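Throughout, residue positions are numbered sequentially from 1 according to the sequence presented. Given the structure is predicted, the values throughout are model-derived calculations rather than measurements.
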Amino acid sequence: MRKKNFSFVIAVIISVLIISFCMTETVMGQSRTEHRREKQYYSALEKEYYADMKALLTRKGYVNSGITIRWVLEETGERNYTVMIHHRRITQLDDVGKEDLLQELMKTEFQDAGCTFCYEFLVF
C-alpha cells in the first residue's frame, strides 16, 4: 500500500512540474513575440526616419552626410535617441544656421510619446 502512495505522490509532483514548465514557456513565448513586434515597429520607424533625414540633408546641399543614430532604452521603457550628423559644410555654419537646420531635422522625427531625440553636429 505504501508503495502505491509513494508512486502516486511522485506522479503528482512530476505532473505539477510539467504543468509549471508549460505555463512558463507560454508566458515567455508571449513575451518574446511582444518584444519581436516592438523591435520590428521601431526598426521600421528608424529606417524611415533615417531616409527622411538623409533626403533633407541632400536637399540642403549636404550630400554624403554621415548620420549615426544610437538609442538607449531606459528602465521606464523610454527610448532616448542620440543623432550624430557630420559634414564639413555643417561645421562651418554659424549658430543661427545650425539652429535652422536643427529645427528642420526635428520635423523628421517620428511621433512616439516614449521617444526623445538629441542632436549633435560633429566637428572635423
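Atom NZ of Lys60 sits in a sparse spot, with 12 or fewer heavy atoms from other residues, nucleotides or ligands closer than 6.0 Å. Under a cut-off of 6.0 angstrom, the local environment of CG in Asp95 is sparse, with at most 12 non-hydrogen atoms contributed by other residues, nucleotides or ligands. In Glu48, the CD atom is not crowded: 12 or fewer heavy atoms of neighbouring residues, nucleotides or ligands sit closer than 6.0 Å.
You'll find the ring centres of Tyr49 and Tyr42 outside the 6.0 Å limit.
Arg89 and Gly61 get closest at one heavy-atom pair: NH1-O, 2.6 Å. Across all non-hydrogen atoms, the minimal contact from Lys98 to Ile90 is CE-O, 3.4 Å. For the residue pair Val63 and His87, the shortest heavy atom distance occurs at O-NE2, 3.1 Å. Between Leu105 and Tyr119, the closest heavy-atom pair is O-OH, 3.5 Å. Between Thr82 and Glu120, the closest heavy-atom pair is CG2-OE2, 3.7 Å.
Put simply, CD1 on Ile13 and CD1 on Ile18 are 12.0 Å apart, with the number rounded to the nearest 0.5 Å. Here Asn80 contributes atom CG and Cys115 contributes atom SG; the two are 8.5 Å apart, rounded to the nearest 0.5 Å. For the atom pair CG of Leu122 and CD1 of Ile67, the computed distance is 11.5 Å after rounding to the nearest 0.5 Å. The distance from atom NE2 of His86 to atom CG of Asn64, rounded to the nearest 0.5 Å, is 11.0 Å.
Using a 4.5 Å heavy-atom threshold, the side chains of Ile69 and Met53 count as touching. Here the side chains of Thr68 and Ile85 are not in contact, with every heavy-atom distance at 4.5 Å or above. Looking at heavy atoms from C-beta onward, Leu56 lies out of side-chain contact with Asp52 at the 4.5 angstrom threshold. In this structure, Gln103 and Lys107 have side chains that are not in contact, with every pair of non-hydrogen atoms separated by 4.5 Å or more.
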Practice task
Under the salt bridge (Lys or Arg N to Asp or Glu O under 4.0 Å) rule, what do Glu46 and Arg79 come out as? Steps first, then yes or no, please.
Solution key: CA-CA 12 Å; Glu46 290 162 3; Arg79 283 177 175 242; 3.4 Å; yes

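By the criterion of side-chain heavy atoms lying less than 4.5 angstrom apart, applied directly or through intervening Ile, Leu, Val, Met, Phe, Trp or Tyr residues, Leu93 is grouped together with Met106 in one hydrophobic cluster. When hydrophobic clusters are built by joining Ile, Leu, Val, Met, Phe, Trp and Tyr residues whose side-chain heavy atoms come closer than 4.5 Å, directly or via intermediates, Met84 is not grouped with Leu101. Val96 and Phe121 end up in different hydrophobic clusters when Ile, Leu, Val, Met, Phe, Trp and Tyr side chains are linked at under 4.5 Å.
When atom types are taken as modelled, the side chain of Ser43 and the backbone of Lys39 share no donor-acceptor pair closer than 3.5 angstrom.
Relative ring orientation between Phe110 and Phe117 is described as perpendicular, the plane-to-plane angle rising above 60° on a 0-90° scale split at 30° and 60°.
In summary, the side chains of Tyr81 and Glu109 do not present any donor paired with an acceptor at a separation below 3.5 Å, with no hydrogens or angles considered.
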